[in-house]
Amino acid sequence: QVQLVESGGDTVQSGGSLRLSCAASGFTLGLNVIGWFRQAPGKEREGVGCIKTSDGSTIYASSVKGRFTISRVNAKNTVYLQMNSLKPEDAATYYCATRWGNTDLSLSQYEYDDWGQGTTVTVSS
């Protein structure tokens with residue numbers, strides 16, 4: 001059974017850093033794409049970035065590029081989202097998701113199949 005579990009959400013001051021984890025079970029990283037998404041109250045879910053777990057290639061949304069970094073440790077079946085220079089507008093529930101059958105990088109939530117339950121990030125100004 002495919003399962004994704006996010007962790008690491010917390011309250012952090014503006015300008016601070018946080019690292020989120022996405023632990024996968026029921027499948028092995030290395031053959032798929034893992035995406036990170038976020039959704040703030042009253043807003044649409046948006047793509048933050050994603051990683052091809054075979055070669056580590058990534059893409060990011062323009063709003064986080066240069067501040068956020070996605071990495072993976074396939075041996076731990078875990079993908080990370082390192083968030084630096086956090087801003088109040090980064091506050092949201094963050095989700096990871098996996099895409100099957102297509103290893104193209106994509107920030108569209110509609111391209112992803114299985115989702116975690118989310119972890120909440122609060123940024124105080």
Side-chain angles (χ1 to χ4, degrees):
Q1 180 183 356
V2 171
Q3 191 173 18
L4 297 167
V5 179
E6 302 93 337
S7 61
D10 204 345
T11 298
V12 62
Q13 285 192 331
S14 182
S17 298
L18 207 56
R19 188 178 79 161
L20 306 183
S21 300
C22 172
S25 61
F27 68 99
T28 303
L29 293 183
L31 297 174
N32 56 346
V33 173
I34 298 289
W36 281 99
F37 298 82
R38 66 186 181 186
Q39 187 168 20
K43 293 190 175 182
E44 293 278 323
R45 185 175 297 185
E46 63 173 344
V48 173
C50 60
I51 186 167
K52 189 178 295 186
T53 58
S54 57
D55 62 11
S57 55
T58 54
I59 59 171
Y60 298 93
S62 57
S63 58
V64 306
K65 201 169 186 178
R67 300 188 298 122
F68 289 13
T69 302
I70 299 174
S71 62
R72 92 287 190 215
V73 178
N74 288 354
K76 292 187 176 182
N77 241 31
T78 301
V79 172
Y80 301 96
L81 176 65
Q82 177 68 43
M83 305 185 294
N84 299 327
S85 303
L86 282 161
K87 306 174 181 180
E89 53 263 42
D90 294 318
T93 297
Y94 283 72
Y95 302 88
C96 63
T98 187
R99 186 182 192 192
W100 301 107
N102 187 326
T103 56
D104 291 341
L105 294 166
S106 172
L107 297 181
S108 170
Q109 61 175 313
Y110 304 107
E111 302 285 348
Y112 289 79
D113 304 295
D114 292 292
W115 293 78
Q117 83 292 344
T119 187
T120 300
V121 173
T122 303
V123 183
S124 60
S125 56

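For the numbers below, each heavy atom of this structure counts, side chains included, while hydrogens, waters and symmetry mates do not. Bear in mind the structure is a predicted one, so any value in this text is a computation, not a measurement.
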* Does any pair with a residue in residues 70-125 pass disulfide bond (SG atoms under 2.5 Å apart), and if so which ones, sequence neighbours excluded? -> C22-C96
* Donor-acceptor pair, side chain of S63 and main chain of A61, under 3.5 angstrom -> no
* Asked: Which pairs, with at least one residue in residues 26-75 and sequence neighbours excluded, count as a disulfide bond (SG atoms under 2.5 Å apart)?
  -> none
* So do the side chains of S106 and R99 get within less than 4.5 Å of each other, counting heavy atoms only? -> yes
* Structure fact -> When rounded to the nearest 0.5 Å, the distance separating CD1 of I34 from OH of Y80 is 13.0 Å
* Partner residues of F68 under the ring-ring contact (aromatic ring centres under 6.0 Å, His included) criterion, sequence neighbours left out -> none
* Structure fact -> Value for CG (L86) from OG1 (T11), rounded to nearest 0.5 Å, stands at 11.5 Å
* Are Y112 and L107 connected in the hydrophobic side-chain network, where two residues link if heavy atoms are under 4.5 Å apart? -> yes
* **Intermediate values then yes/no, side-chain contact (heavy atoms from CB on, under 4.5 Å), V33 and I51** => CA-CA 6 Å; V33 173; I51 186 167; over 6 Å; no
* Asked: How long is the span from the CD atom in Q3 to the CD atom in Q1, to the nearest 0.5 Å?
  -> 6.0 Å
* **Single-linkage hydrophobic cluster I70~F37, side-chain heavy atoms < 4.5 angstrom** => no
* Give the intermediate values and the outcome of side-chain contact (heavy atoms from CB on, under 4.5 Å) for residues E46 and R38. => CA-CA 6 Å; E46 63 173 344; R38 66 186 181 186; 2.6 Å; yes
* For residues L29 and V79, determine if any side-chain heavy atom of one lies less than 4.5 Å from a side-chain heavy atom of the other. => yes
* To do: Tell me whether V12 is reachable from V64 by hopping between hydrophobic residues (I, L, V, M, F, W, Y) whose side-chain heavy atoms are closer than 4.5 Å.
  => yes
* Specify the closest pair of heavy atoms between A92 and A40, including all atoms of both residues, with the distance to one decimal. => CB-N, 3.8 Å
* Listed once per pair and sorted, the side-chain hydrogen bond (donor to acceptor under 3.5 Å, both in side chains) pairs that draw on residues 13-26, sequence neighbours left out -> S17-N84
* Structure fact -> Rounded to the nearest 0.5 Å, the CG atom of L20 sits from the OG1 atom of T78 at a distance of 12.5 Å
Tell me which donor-acceptor pairs under 3.5 Å the side chains of residues 115-125 have, and how far apart each pair is, sequence neighbours excluded?
residue : atom : partner : partner atom : Å
Q117    : NE2  : E6      : O            : 3.3
T119    : OG1  : G9      : N            : 3.0
T120    : OG1  : T93     : OG1          : 3.3

* Residues forming a side-chain contact (heavy atoms from CB on, under 4.5 Å) with D114, sequence neighbours excluded -> V2, T98, W100
* Asked: How long is the span from the CG atom in N32 to the OG1 atom in T103, to the nearest 0.5 Å?
  -> 9.5 Å
* To do: Step by step, work out the side-chain contact (heavy atoms from CB on, under 4.5 Å) result for Y95 and V48.
  => CA-CA 10 Å; Y95 302 88; V48 173; over 6 Å; no
* To do: Please tell me if the side chains of F27 and N77 come closer than 4.5 Å, counting only heavy atoms from C-beta onward.
  => no
* Find the distance between CZ (R72) and OG1 (T53) and round it off to the nearest 0.5 Å. => 7.0 Å
* To do: May I ask you to decide whether R67 forms a salt bridge with D90, counting only side-chain N to carboxylate O separations under 4.0 Å?
  => yes
